[in-house]
Enquirer: 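For reference, the structure I am asking about is given below.
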Amino acid sequence: MTALLAERAAEVVAAAQQLLARRMGAPVKLVDPVELGGNGRTIVLRVRVTENAYSLPRTLVAKQVNGSAYHSADTDTDLDSAFRREAVAYQFATALGPERRPGPQLLAYDVASRLLVLTDLGDQSRLSTLLRTTNKAGVTNVLMALAQALGRMHAATVGREEDFIALSRRAGVPQRDVLVAQAETAVEAVPGLLKAYLGLDVPESIVGGAAAAARFFEGGRLRAFSPSDLCPENIIYNDEGVRFLDYEAGGFRDASLDVAQVLVGFPGCLCEYELAPQHRQAMIEAWRAEVSAVWPQLEDDDWLARKLLAAELIWVWMSTYWFLPENHERIAEVREHELSIRRSDALAQRWRKLADSARECDKDVVAEFGDRVAETIDARWAV
(Lines give C-alpha, C1' and ligand atoms only; values in the text may rest on other atoms or scores of the structure.)
Protein backbone atom coordinates (compact mmCIF):
# COMPACT_ATOMS: atom_id res chain seq x y z
CA MET A 1 0.00 0.00 0.00
CA THR A 2 1.03 3.58 -0.54
CA ALA A 3 1.49 5.71 2.56
CA LEU A 4 -1.76 7.56 1.85
CA LEU A 5 -3.72 4.35 1.34
CA ALA A 6 -2.17 2.78 4.43
CA GLU A 7 -3.25 5.78 6.51
CA ARG A 8 -6.76 5.62 5.10
CA ALA A 9 -6.89 1.84 5.63
CA ALA A 10 -5.92 2.28 9.27
CA GLU A 11 -8.80 4.74 9.71
CA VAL A 12 -11.26 2.31 8.13
CA VAL A 13 -10.05 -0.56 10.32
CA ALA A 14 -10.39 1.58 13.46
CA ALA A 15 -13.91 2.64 12.45
CA ALA A 16 -14.90 -0.98 11.71
CA GLN A 17 -13.64 -2.11 15.12
CA GLN A 18 -15.70 0.57 16.86
CA LEU A 19 -18.79 -0.26 14.80
CA LEU A 20 -18.57 -3.99 15.53
CA ALA A 21 -17.89 -3.34 19.22
CA ARG A 22 -21.06 -1.23 19.44
CA ARG A 23 -23.01 -3.83 17.49
CA MET A 24 -21.88 -6.75 19.67
CA GLY A 25 -21.30 -5.09 23.00
CA ALA A 26 -17.75 -6.41 23.25
CA PRO A 27 -14.31 -5.43 21.88
CA VAL A 28 -13.32 -6.63 18.41
CA LYS A 29 -9.76 -6.57 17.06
CA LEU A 30 -9.15 -6.40 13.30
CA VAL A 31 -5.69 -6.72 11.74
CA ASP A 32 -3.83 -7.28 8.45
CA PRO A 33 -5.90 -5.10 6.08
CA VAL A 34 -5.60 -6.11 2.43
CA GLU A 35 -6.95 -3.87 -0.31
CA LEU A 36 -9.57 -5.62 -2.45
CA GLY A 37 -10.36 -2.81 -4.82
CA GLY A 38 -12.42 0.32 -4.76
CA ASN A 39 -11.72 3.59 -6.52
CA GLY A 40 -11.51 7.27 -5.72
CA ARG A 41 -14.86 7.12 -3.95
CA THR A 42 -14.48 3.88 -1.96
CA ILE A 43 -11.96 1.78 -0.13
CA VAL A 44 -12.59 -1.96 0.25
CA LEU A 45 -10.47 -4.00 2.67
CA ARG A 46 -10.29 -7.61 3.79
CA VAL A 47 -9.40 -7.76 7.49
CA ARG A 48 -8.62 -10.62 9.85
CA VAL A 49 -10.48 -11.00 13.16
CA THR A 50 -8.15 -11.80 16.07
CA GLU A 51 -10.22 -10.89 19.12
CA ASN A 52 -13.98 -11.02 19.58
CA ALA A 53 -16.39 -12.29 22.16
CA TYR A 54 -18.69 -13.82 19.58
CA SER A 55 -18.36 -16.15 16.68
CA LEU A 56 -17.44 -13.73 13.92
CA PRO A 57 -15.96 -15.17 10.73
CA ARG A 58 -12.17 -15.30 10.60
CA THR A 59 -12.08 -12.59 7.93
CA LEU A 60 -14.43 -9.73 7.09
CA VAL A 61 -14.72 -7.05 4.42
CA ALA A 62 -14.96 -3.36 5.32
CA LYS A 63 -16.17 -0.90 2.68
CA GLN A 64 -16.18 2.85 3.18
CA VAL A 65 -17.71 5.32 0.72
CA ASN A 66 -16.17 8.76 0.24
CA GLY A 67 -17.25 10.35 -3.04
CA SER A 68 -18.23 9.62 -6.63
CA ALA A 69 -18.07 11.15 -10.07
CA TYR A 70 -21.39 9.43 -10.76
CA HIS A 71 -23.23 12.13 -8.84
CA SER A 72 -23.97 15.42 -10.50
CA ALA A 73 -22.44 17.09 -7.44
CA ASP A 74 -20.55 15.51 -4.58
CA THR A 75 -22.80 16.79 -1.82
CA ASP A 76 -23.28 15.08 1.53
CA THR A 77 -26.94 14.55 0.65
CA ASP A 78 -26.04 12.66 -2.55
CA LEU A 79 -23.49 10.47 -0.77
CA ASP A 80 -25.69 9.73 2.22
CA SER A 81 -28.61 8.76 -0.02
CA ALA A 82 -26.42 6.40 -2.06
CA PHE A 83 -24.91 4.88 1.08
CA ARG A 84 -28.27 4.43 2.79
CA ARG A 85 -29.65 2.73 -0.32
CA GLU A 86 -26.71 0.33 -0.45
CA ALA A 87 -27.05 -0.49 3.26
CA VAL A 88 -30.78 -1.13 2.84
CA ALA A 89 -30.17 -3.28 -0.24
CA TYR A 90 -27.65 -5.40 1.68
CA GLN A 91 -30.09 -5.64 4.61
CA PHE A 92 -32.80 -6.84 2.28
CA ALA A 93 -30.54 -9.35 0.54
CA THR A 94 -29.18 -10.64 3.85
CA ALA A 95 -32.72 -11.36 5.05
CA LEU A 96 -33.26 -13.71 2.11
CA GLY A 97 -31.17 -16.40 3.79
CA PRO A 98 -27.87 -18.04 2.75
CA GLU A 99 -29.28 -20.19 -0.04
CA ARG A 100 -30.97 -17.25 -1.77
CA ARG A 101 -28.60 -14.42 -0.90
CA PRO A 102 -27.06 -12.91 -4.10
CA GLY A 103 -23.98 -11.48 -2.40
CA PRO A 104 -22.23 -11.09 0.96
CA GLN A 105 -24.08 -10.84 4.25
CA LEU A 106 -24.31 -7.45 5.94
CA LEU A 107 -22.97 -7.63 9.51
CA ALA A 108 -23.10 -3.94 10.46
CA TYR A 109 -23.25 -0.45 8.96
CA ASP A 110 -22.86 3.14 10.10
CA VAL A 111 -24.35 6.08 8.21
CA ALA A 112 -22.18 8.75 9.84
CA SER A 113 -18.93 7.15 8.62
CA ARG A 114 -20.53 5.58 5.51
CA LEU A 115 -19.08 2.22 6.51
CA LEU A 116 -20.30 -1.30 5.72
CA VAL A 117 -18.96 -4.48 7.33
CA LEU A 118 -19.71 -7.57 5.25
CA THR A 119 -18.89 -11.24 5.26
CA ASP A 120 -15.87 -12.21 3.18
CA LEU A 121 -16.71 -14.32 0.14
CA GLY A 122 -13.19 -15.76 0.14
CA ASP A 123 -11.16 -16.83 -2.86
CA GLN A 124 -12.84 -15.57 -5.98
CA SER A 125 -12.44 -14.63 -9.62
CA ARG A 126 -13.91 -11.48 -11.11
CA LEU A 127 -16.10 -11.81 -14.18
CA SER A 128 -13.80 -9.35 -15.97
CA THR A 129 -10.86 -11.73 -15.54
CA LEU A 130 -12.83 -14.75 -16.67
CA LEU A 131 -14.16 -13.02 -19.78
CA ARG A 132 -10.64 -11.90 -20.68
CA THR A 133 -8.90 -15.25 -20.14
CA THR A 134 -11.52 -17.93 -20.83
CA ASN A 135 -11.95 -19.64 -24.21
CA LYS A 136 -15.19 -19.36 -26.17
CA ALA A 137 -16.73 -22.50 -24.69
CA GLY A 138 -15.82 -21.27 -21.23
CA VAL A 139 -17.39 -17.88 -21.89
CA THR A 140 -20.69 -19.58 -22.68
CA ASN A 141 -20.59 -21.46 -19.38
CA VAL A 142 -19.63 -18.33 -17.47
CA LEU A 143 -22.49 -16.30 -18.95
CA MET A 144 -24.99 -19.09 -18.39
CA ALA A 145 -23.96 -19.27 -14.73
CA LEU A 146 -24.36 -15.50 -14.50
CA ALA A 147 -27.82 -15.67 -16.07
CA GLN A 148 -28.87 -18.47 -13.72
CA ALA A 149 -27.72 -16.44 -10.72
CA LEU A 150 -29.72 -13.44 -11.93
CA GLY A 151 -32.76 -15.65 -12.42
CA ARG A 152 -32.48 -17.18 -8.94
CA MET A 153 -32.22 -13.71 -7.41
CA HIS A 154 -35.23 -12.48 -9.38
CA ALA A 155 -37.36 -15.52 -8.57
CA ALA A 156 -36.50 -15.30 -4.86
CA THR A 157 -37.51 -11.64 -4.58
CA VAL A 158 -40.71 -11.45 -6.64
CA GLY A 159 -43.50 -10.07 -4.45
CA ARG A 160 -41.16 -8.72 -1.76
CA GLU A 161 -41.00 -5.10 -2.86
CA GLU A 162 -43.04 -3.92 0.13
CA ASP A 163 -40.37 -5.36 2.44
CA PHE A 164 -37.71 -3.35 0.62
CA ILE A 165 -39.83 -0.19 0.75
CA ALA A 166 -40.36 -0.62 4.50
CA LEU A 167 -36.62 -0.94 5.11
CA SER A 168 -35.98 2.09 2.89
CA ARG A 169 -38.45 4.25 4.76
CA ARG A 170 -36.95 3.35 8.13
CA ALA A 171 -33.48 4.25 6.83
CA GLY A 172 -34.58 7.53 5.24
CA VAL A 173 -33.82 6.43 1.67
CA PRO A 174 -35.52 8.54 -1.01
CA GLN A 175 -38.24 6.41 -2.57
CA ARG A 176 -37.37 7.61 -6.08
CA ASP A 177 -33.90 6.35 -6.86
CA VAL A 178 -31.28 8.02 -8.99
CA LEU A 179 -31.62 5.69 -11.99
CA VAL A 180 -35.26 6.68 -12.48
CA ALA A 181 -34.28 10.32 -12.73
CA GLN A 182 -31.29 9.55 -14.95
CA ALA A 183 -33.41 7.49 -17.34
CA GLU A 184 -35.94 10.30 -17.69
CA THR A 185 -33.18 12.86 -18.22
CA ALA A 186 -31.50 10.64 -20.79
CA VAL A 187 -34.71 10.28 -22.78
CA GLU A 188 -34.85 14.05 -23.14
CA ALA A 189 -31.12 14.65 -23.61
CA VAL A 190 -29.92 11.96 -26.03
CA PRO A 191 -31.61 13.29 -29.21
CA GLY A 192 -29.85 16.61 -28.67
CA LEU A 193 -26.51 14.90 -27.93
CA LEU A 194 -26.72 12.78 -31.07
CA LYS A 195 -27.48 15.89 -33.10
CA ALA A 196 -24.71 17.97 -31.51
CA TYR A 197 -21.95 15.35 -31.54
CA LEU A 198 -22.88 13.22 -34.55
CA GLY A 199 -25.22 15.34 -36.65
CA LEU A 200 -28.00 12.73 -36.44
CA ASP A 201 -31.74 13.27 -36.11
CA VAL A 202 -33.53 10.62 -34.05
CA PRO A 203 -36.84 9.24 -35.39
CA GLU A 204 -39.76 10.08 -33.12
CA SER A 205 -40.73 6.41 -32.90
CA ILE A 206 -37.35 5.57 -31.34
CA VAL A 207 -37.58 8.43 -28.85
CA GLY A 208 -41.03 7.14 -27.91
CA GLY A 209 -39.67 3.63 -27.48
CA ALA A 210 -36.92 4.90 -25.18
CA ALA A 211 -39.44 6.86 -23.12
CA ALA A 212 -41.62 3.76 -22.72
CA ALA A 213 -38.63 1.60 -21.76
CA ALA A 214 -37.47 4.18 -19.19
CA ARG A 215 -40.57 3.32 -17.19
CA PHE A 216 -39.07 -0.15 -16.51
CA PHE A 217 -37.06 1.46 -13.73
CA GLU A 218 -40.22 2.45 -11.85
CA GLY A 219 -42.71 -0.06 -13.21
CA GLY A 220 -42.76 -3.03 -15.54
CA ARG A 221 -44.41 -6.45 -15.35
CA LEU A 222 -41.31 -8.31 -14.14
CA ARG A 223 -40.64 -6.58 -10.81
CA ALA A 224 -37.77 -8.07 -8.78
CA PHE A 225 -34.74 -7.00 -6.78
CA SER A 226 -31.69 -5.84 -8.73
CA PRO A 227 -28.24 -4.58 -7.67
CA SER A 228 -28.54 -2.64 -10.97
CA ASP A 229 -24.87 -1.63 -11.07
CA LEU A 230 -23.92 -4.77 -12.98
CA CYS A 231 -20.34 -4.64 -14.20
CA PRO A 232 -17.73 -7.41 -14.70
CA GLU A 233 -15.72 -5.84 -11.86
CA ASN A 234 -18.70 -6.18 -9.48
CA ILE A 235 -19.56 -9.80 -10.31
CA ILE A 236 -17.47 -12.59 -8.83
CA TYR A 237 -17.26 -16.38 -9.01
CA ASN A 238 -16.28 -18.52 -6.05
CA ASP A 239 -16.95 -22.06 -4.81
CA GLU A 240 -20.61 -21.14 -4.22
CA GLY A 241 -21.15 -19.78 -7.73
CA VAL A 242 -21.89 -16.26 -8.92
CA ARG A 243 -22.15 -13.40 -6.44
CA PHE A 244 -22.99 -9.72 -6.95
CA LEU A 245 -21.29 -6.79 -5.20
CA ASP A 246 -21.91 -3.03 -4.90
CA TYR A 247 -25.59 -2.29 -4.24
CA GLU A 248 -25.46 1.53 -4.31
CA ALA A 249 -28.25 1.53 -6.89
CA GLY A 250 -30.01 -1.56 -5.50
CA GLY A 251 -33.78 -1.67 -5.73
CA PHE A 252 -36.82 -3.19 -7.41
CA ARG A 253 -37.04 -2.80 -11.18
CA ASP A 254 -38.16 -4.74 -14.21
CA ALA A 255 -35.89 -7.80 -14.28
CA SER A 256 -35.39 -7.55 -18.04
CA LEU A 257 -33.07 -4.61 -17.32
CA ASP A 258 -30.54 -6.89 -15.62
CA VAL A 259 -30.41 -9.32 -18.54
CA ALA A 260 -30.21 -6.49 -21.05
CA GLN A 261 -27.22 -4.95 -19.26
CA VAL A 262 -25.20 -8.07 -20.06
CA LEU A 263 -26.52 -8.28 -23.63
CA VAL A 264 -25.36 -4.76 -24.55
CA GLY A 265 -21.98 -4.98 -22.79
CA PHE A 266 -22.56 -3.46 -19.32
CA PRO A 267 -23.59 0.11 -20.22
CA GLY A 268 -22.28 1.75 -17.05
CA CYS A 269 -18.72 0.71 -17.93
CA LEU A 270 -16.45 1.22 -20.92
CA CYS A 271 -15.76 -2.46 -21.44
CA GLU A 272 -16.30 -4.99 -24.16
CA TYR A 273 -16.21 -8.76 -24.62
CA GLU A 274 -17.34 -11.09 -27.35
CA LEU A 275 -20.97 -12.15 -27.14
CA ALA A 276 -21.63 -14.44 -30.07
CA PRO A 277 -25.27 -15.18 -30.98
CA GLN A 278 -25.06 -18.64 -29.41
CA HIS A 279 -23.71 -17.15 -26.16
CA ARG A 280 -26.50 -14.61 -26.13
CA GLN A 281 -29.25 -17.18 -26.64
CA ALA A 282 -27.77 -19.62 -24.14
CA MET A 283 -27.70 -16.88 -21.53
CA ILE A 284 -31.30 -15.86 -22.17
CA GLU A 285 -32.49 -19.47 -21.95
CA ALA A 286 -30.58 -20.04 -18.71
CA TRP A 287 -32.24 -16.99 -17.15
CA ARG A 288 -35.69 -17.91 -18.47
CA ALA A 289 -35.42 -21.42 -17.00
CA GLU A 290 -35.05 -19.90 -13.52
CA VAL A 291 -37.93 -17.41 -13.72
CA SER A 292 -40.58 -18.78 -16.07
CA ALA A 293 -42.41 -20.42 -13.15
CA VAL A 294 -43.10 -17.01 -11.61
CA TRP A 295 -43.53 -15.21 -14.95
CA PRO A 296 -45.23 -17.65 -17.36
CA GLN A 297 -45.47 -14.97 -20.06
CA LEU A 298 -41.76 -15.45 -20.68
CA GLU A 299 -42.56 -18.71 -22.45
CA ASP A 300 -43.74 -16.54 -25.37
CA ASP A 301 -40.57 -16.15 -27.45
CA ASP A 302 -41.78 -13.10 -29.36
CA TRP A 303 -42.94 -11.31 -26.20
CA LEU A 304 -39.61 -11.99 -24.48
CA ALA A 305 -37.59 -10.80 -27.49
CA ARG A 306 -39.55 -7.52 -27.66
CA LYS A 307 -39.22 -7.05 -23.90
CA LEU A 308 -35.46 -7.51 -23.96
CA LEU A 309 -35.13 -5.22 -26.99
CA ALA A 310 -36.90 -2.43 -25.11
CA ALA A 311 -34.61 -2.95 -22.11
CA GLU A 312 -31.54 -2.93 -24.36
CA LEU A 313 -32.73 0.31 -25.98
CA ILE A 314 -32.95 2.22 -22.70
CA TRP A 315 -29.54 0.97 -21.56
CA VAL A 316 -27.86 1.97 -24.84
CA TRP A 317 -29.67 5.30 -24.55
CA MET A 318 -28.36 5.82 -21.01
CA SER A 319 -24.85 4.71 -21.94
CA THR A 320 -24.91 7.33 -24.70
CA TYR A 321 -26.08 9.95 -22.20
CA TRP A 322 -23.27 9.01 -19.80
CA PHE A 323 -20.38 8.64 -22.23
CA LEU A 324 -21.00 10.57 -25.47
CA PRO A 325 -20.17 13.90 -23.77
CA GLU A 326 -16.58 14.25 -22.61
CA ASN A 327 -17.23 13.76 -18.89
CA HIS A 328 -13.60 13.19 -17.95
CA GLU A 329 -14.33 12.35 -14.30
CA ARG A 330 -16.81 9.65 -15.19
CA ILE A 331 -14.64 8.23 -17.97
CA ALA A 332 -11.59 8.12 -15.69
CA GLU A 333 -13.57 6.32 -12.99
CA VAL A 334 -14.28 3.36 -15.27
CA ARG A 335 -11.02 3.41 -17.21
CA GLU A 336 -9.23 0.98 -14.84
CA HIS A 337 -11.52 -1.86 -15.92
CA GLU A 338 -9.72 -5.04 -17.09
CA LEU A 339 -11.90 -5.06 -20.22
CA SER A 340 -11.72 -1.30 -20.81
CA ILE A 341 -11.76 -0.07 -24.40
CA ARG A 342 -12.01 3.33 -26.08
CA ARG A 343 -15.17 5.30 -25.37
CA SER A 344 -15.99 5.50 -29.09
CA ASP A 345 -15.54 1.74 -29.58
CA ALA A 346 -17.76 0.92 -26.60
CA LEU A 347 -20.58 3.19 -27.76
CA ALA A 348 -20.41 2.02 -31.38
CA GLN A 349 -20.50 -1.62 -30.36
CA ARG A 350 -23.51 -1.05 -28.09
CA TRP A 351 -25.49 0.57 -30.87
CA ARG A 352 -24.54 -2.32 -33.18
CA LYS A 353 -25.73 -4.87 -30.61
CA LEU A 354 -29.01 -2.98 -30.33
CA ALA A 355 -29.34 -3.04 -34.13
CA ASP A 356 -28.75 -6.81 -34.20
CA SER A 357 -31.41 -7.37 -31.54
CA ALA A 358 -33.85 -5.14 -33.43
CA ARG A 359 -33.34 -7.15 -36.64
CA GLU A 360 -34.26 -10.33 -34.75
CA CYS A 361 -37.54 -8.65 -33.76
CA ASP A 362 -38.14 -7.20 -37.26
CA LYS A 363 -37.84 -3.68 -35.89
CA ASP A 364 -36.25 -2.24 -39.03
CA VAL A 365 -36.35 1.43 -37.96
CA VAL A 366 -34.41 0.71 -34.77
CA ALA A 367 -31.98 -1.60 -36.59
CA GLU A 368 -31.24 0.95 -39.31
CA PHE A 369 -30.79 3.77 -36.82
CA GLY A 370 -28.53 1.70 -34.58
CA ASP A 371 -26.30 0.88 -37.54
CA ARG A 372 -26.22 4.54 -38.57
CA VAL A 373 -25.18 5.71 -35.10
CA ALA A 374 -22.41 3.10 -34.93
CA GLU A 375 -21.13 3.97 -38.41
CA THR A 376 -21.13 7.68 -37.64
CA ILE A 377 -19.22 7.17 -34.39
CA ASP A 378 -16.64 5.10 -36.23
CA ALA A 379 -16.27 7.73 -38.96
CA ARG A 380 -16.08 10.72 -36.60
CA TRP A 381 -13.65 9.15 -34.11
CA ALA A 382 -11.58 6.97 -36.42
CA VAL A 383 -7.88 6.87 -35.57
Enquirer: Within the distance-only criterion (no hydrogens, no angle test), does the side chain of Glu290 pair as donor or acceptor with the backbone N or O of Gln148 below 3.5 angstrom?
Expert: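 Absent.
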
Enquirer: Counting only heavy atoms not in Gln278, do more than 12 fall under 6.0 Å of its CD?
Expert: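 More than 12 within 6.0 Å, yes.
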
Enquirer: Does any N or O in the side chain of Gln64 come within less than 3.5 Å of the main-chain N or O of Thr42, such that one atom is a donor and the other an acceptor?
Expert: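 Such a contact is absent between Gln64 side chain and Thr42 backbone.
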
Enquirer: Indicate if Leu193 and Val202 have the same hydrophobic cluster label, given that clusters are the connected sets of ILVMFWY residues with side-chain heavy-atom separations under 4.5 angstrom.
Expert: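 Yes: a chain of side-chain contacts under 4.5 Å links Leu193 to Val202.
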
Enquirer: Taking a hydrophobic cluster as the set of Ile, Leu, Val, Met, Phe, Trp and Tyr residues connected by side-chain heavy atoms closer than 4.5 Å, whether directly or through intermediates, do Val139 and Ile341 fall within one such cluster?
Expert: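 The answer is no; the residues belong to distinct hydrophobic clusters.
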
Enquirer: Are the ring centres of Phe225 and Phe244 closer than 6.0 Å?
Expert: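 Distance test on ring centres: not under 6.0 Å, no.
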
Enquirer: If we only count heavy atoms from C-beta on, is the Gln105 to Tyr90 side-chain gap below 4.5 Å?
Expert: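 No. Closest side-chain heavy atoms not under 4.5 Å.
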
Enquirer: Are Leu270 and Trp322 side-chain neighbours, meaning at least one heavy-atom pair lies under 4.5 Å?
Expert: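 Answer no - side chains too far apart.
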
Enquirer: Nearest 0.5 Å, please: how far is CG in Asp300 from OG in Ser292?
Expert: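 Interatomic distance, Ser292 OG to Asp300 CG, rounded to 0.5 Å: 12.5 Å.
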
Enquirer: Kindly compute the distance separating OG (Ser357) from CG (Leu313), expressed to the nearest 0.5 Å.
Expert: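 Separation between the atoms: 10.5 Å.
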
Enquirer: Hey, is the main chain of Ala186 close enough, under 3.5 Å, to the side chain of Trp317 for a donor-acceptor pair?
Expert: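 Yes, the answer is positive, given that a donor and an acceptor are paired below the 3.5 Å cut-off.
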
Enquirer: Roughly how far, to the nearest 0.5 Å, is the CG atom of Leu179 from the OG1 atom of Thr185?
Expert: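 One gets 11.0 Å once the value is rounded to the nearest 0.5 Å.
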
Enquirer: For side-chain contact (heavy atoms from CB on, under 4.5 Å), just list the numbers for Leu230 and Asp258, CA-CA rounded to whole Å, side-chain angles, deciding distance to a tenth of an Å, and then say yes or no.
Expert: CA-CA 7 Å; Leu230 292 182; Asp258 282 346; 4.0 Å; yes

Enquirer: Between Arg48 and Val31, is there a donor-acceptor pair closer than 3.5 Å when you use the side chain of the first and the backbone of the second?
Expert: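 No.
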
Enquirer: So, using side chain to side chain donor-acceptor pair (under 3.5 Å) as the criterion, who are the partners of Asp345 when residues are at least two apart?
Expert: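 Once residues adjacent in sequence are excluded, the partners of Asp345 under the side chain to side chain donor-acceptor pair (under 3.5 Å) criterion are Arg342.
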
Enquirer: Should Val187 and Tyr321 be marked as a side-chain contact (heavy atoms from CB on, under 4.5 Å) after you check the CA-CA gap, both sets of side-chain angles, and the distance that decides it?
Expert: CA-CA 9 Å; Val187 169; Tyr321 168 68; over 6 Å; no

Enquirer: Could you walk me through whether Leu121 and Leu245 pass the side-chain contact (heavy atoms from CB on, under 4.5 Å) check?
Expert: CA-CA 10 Å; Leu121 296 178; Leu245 308 175; 4.0 Å; yes

Enquirer: Mind jotting down which residue pairs meet the ring-ring contact (aromatic ring centres under 6.0 Å, His included) criterion with at least one end in residues 342-378? Sequence neighbours excluded, please.
Expert: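 Listed once each, the pairs are Trp351-Phe369.
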
Enquirer: Quick one: does any side-chain atom of Asp110 pair with a main-chain N or O of Leu115 as donor and acceptor, under 3.5 Å?
Expert: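 No.
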
Enquirer: Work out which heavy atom in Leu309 is nearest to a heavy atom in Ala358; give both atom names and the distance.
Expert: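 That would be CD1-N, 3.7 Å.
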
Enquirer: Can you list every side-chain hydrogen bond (donor to acceptor under 3.5 Å, both in side chains) pair that touches residues 116-125, not counting sequence neighbours?
Expert: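 Listed once each, the pairs are Arg46-Asp120, Thr59-Asp120.
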
Enquirer: If Ile, Leu, Val, Met, Phe, Trp and Tyr residues are connected whenever their side-chain heavy atoms lie under 4.5 Å apart, and connections chain through other members, are Leu60 and Val13 in the same group?
Expert: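 Both belong to a single hydrophobic cluster.
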
Enquirer: Among all residues two or more places apart in sequence or in another chain, which pass the side chain to side chain donor-acceptor pair (under 3.5 Å) test with Glu184?
Expert: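 If we apply the side chain to side chain donor-acceptor pair (under 3.5 Å) test to Glu184, skipping adjacent residues, the hits are Arg176.
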
Enquirer: So which pairs with a foot in residues 361-376 pass side-chain hydrogen bond (donor to acceptor under 3.5 Å, both in side chains), sequence neighbours left out?
Expert: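 Listed once each, the pairs are Arg359-Asp371.
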
Enquirer: Suppose the criterion is salt bridge (charged side-chain N to carboxylate O under 4.0 Å, His left out): which pairs have a residue in residues 84-101, not counting sequence neighbours?
Expert: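 As it turns out, the salt bridge (charged side-chain N to carboxylate O under 4.0 Å, His left out) pairs with a partner in residues 84-101, which skip direct neighbours, are Lys63-Glu86.
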
Enquirer: For side-chain contact (heavy atoms from CB on, under 4.5 Å), just list the numbers for Val242 and Ile235, CA-CA rounded to whole Å, side-chain angles, deciding distance to a tenth of an Å, and then say yes or no.
Expert: CA-CA 7 Å; Val242 178; Ile235 302 170; 3.7 Å; yes

Enquirer: How many angstroms lie between atom OG1 of Thr157 and atom CZ of Phe164, to the nearest 0.5 angstrom?
Expert: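 Spacing of OG1 (Thr157) from CZ (Phe164) equals 10.5 Å.
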
Enquirer: Aromatic rings Trp295 and His154: how do their planes relate, parallel, tilted or perpendicular, breaks at 30° and 60°?
Expert: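 Taking His154 first and then Trp295, their aromatic rings sit tilted (interplane angle of 30° to 60°).
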
Enquirer: Mind listing the closest non-hydrogen atom pair of Ile377 and Ser344 along with its distance?
Expert: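 The answer is CG2-O, 3.4 Å.
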
Enquirer: Has Arg253 got a side-chain atom pairing as donor or acceptor with Pro227's backbone, closer than 3.5 angstrom?
Expert: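 Not at all, since once roles are kept as given, no pair shorter than 3.5 Å links the two residues.
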
Enquirer: Spell out, as yes or no, whether a donor-acceptor pair under 3.5 Å connects the side chain of Ser168 to the backbone of Val173.
Expert: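 Checked: no pair found.
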
Enquirer: Flag the pair Leu107 / Arg23 as yes when at least one side-chain heavy-atom distance between them is below 4.5 Å, and no otherwise.
Expert: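 Side-chain contact under 4.5 Å: no.
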
Enquirer: What is the distance from atom CZ of Arg243 to atom CG of Asn234, rounded to the nearest 0.5 Å?
Expert: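 The distance works out to 15.5 Å.
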
Enquirer: More than 12 heavy atoms of other residues, nucleotides or ligands under 6.0 Å from CG of Asp239: is that the case?
Expert: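 For Asp239, atom CG is not crowded (no more than 12 foreign heavy atoms under 6.0 Å).
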
Enquirer: Roughly how far, to the nearest 0.5 Å, is the CD1 atom of Ile236 from the CG atom of Leu130?
Expert: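 If we round to the nearest 0.5 Å, Leu130:CG and Ile236:CD1 are 11.0 Å apart.
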
Enquirer: Tyr109: what forms a ring-ring contact (aromatic ring centres under 6.0 Å, His included) with it, not counting sequence neighbours?
Expert: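 Once residues adjacent in sequence are excluded, Tyr109 has no partner under the ring-ring contact (aromatic ring centres under 6.0 Å, His included) criterion.
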
Enquirer: Tell me, please, which residues at least two apart from Asp302 pass salt bridge (charged side-chain N to carboxylate O under 4.0 Å, His left out).
Expert: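 Not a single residue meets the salt bridge (charged side-chain N to carboxylate O under 4.0 Å, His left out) criterion with Asp302.
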
Enquirer: Per the side-chain contact (heavy atoms from CB on, under 4.5 Å) rule, which among Thr320, Val316, Leu198, Asp378 passes with Leu347?
Expert: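 Option passing the side-chain contact (heavy atoms from CB on, under 4.5 Å) with Leu347: Thr320.
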
Enquirer: Go through the structure and list residues passing side chain to side chain donor-acceptor pair (under 3.5 Å) with Gln281, not counting sequence neighbours.
Expert: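 By the side chain to side chain donor-acceptor pair (under 3.5 Å) rule, Gln281 matches Glu285.
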
Enquirer: Is the side chain of His279 donor-acceptor paired with the backbone N or O of Leu275 at a distance under 3.5 Å, no angle test?
Expert: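 Flag not set: sc His279 to bb Leu275 has no pair under 3.5 Å.
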
Enquirer: Please collect all salt bridge (charged side-chain N to carboxylate O under 4.0 Å, His left out) contacts where either partner lies in residues 306-320, sequence neighbours excluded, each pair once.
Expert: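 Salt bridge (charged side-chain N to carboxylate O under 4.0 Å, His left out) check on residues 306-320 returns Asp254-Lys307, Arg280-Glu312.
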
Enquirer: Just to verify, what does Phe216 make a ring-ring contact (aromatic ring centres under 6.0 Å, His included) with, not counting sequence neighbours?
Expert: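 ring-ring contact (aromatic ring centres under 6.0 Å, His included) check on Phe216 returns nothing, list empty.
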
Enquirer: Tell me, with the steps shown, if Trp315 and Phe217 meet ring-ring contact (aromatic ring centres under 6.0 Å, His included).
Expert: CA-CA 11 Å; Trp315 278 128; Phe217 288 99; 5.3 Å; yes

Enquirer: Taking NZ, NE, NH1 and NH2 as the nitrogens, is one of them in Arg160 or Asp163 under 4.0 Å from a carboxylate oxygen of the other?
Expert: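 Answer for the salt bridge query: yes.
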
Enquirer: With sequence neighbours left out, write down each residue that passes salt bridge (charged side-chain N to carboxylate O under 4.0 Å, His left out) with Glu326, or none if nothing qualifies.
Expert: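 Listed in chain order: Arg343.
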
Enquirer: Under the ring-ring contact (aromatic ring centres under 6.0 Å, His included) criterion, do Phe83 and Tyr247 qualify, and how do the steps go?
Expert: CA-CA 9 Å; Phe83 177 81; Tyr247 293 1; over 10 Å; no

Enquirer: Just by distance, do the side chain of Gln261 and the backbone of Ser228 share a donor-acceptor pair under 3.5 Å?
Expert: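 Yes.
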
Enquirer: Under a 4.5 Å side-chain heavy-atom rule over Ile, Leu, Val, Met, Phe, Trp and Tyr, are Met144 and Tyr237 clustered together?
Expert: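 Shared cluster, no.
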
Enquirer: If we ignore hydrogens and angles and just use 3.5 Å, is the side chain of Arg380 paired with the main-chain N or O of Tyr197 as donor and acceptor?
Expert: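 Between the backbone of Tyr197 and the side chain of Arg380 there is a qualifying donor-acceptor contact (under 3.5 Å).
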
Enquirer: Shortest non-hydrogen contact from Cys269 to Phe323?
Expert: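 Looking at all heavy atoms of both residues, the closest pair is O-CE1, 3.7 Å.
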
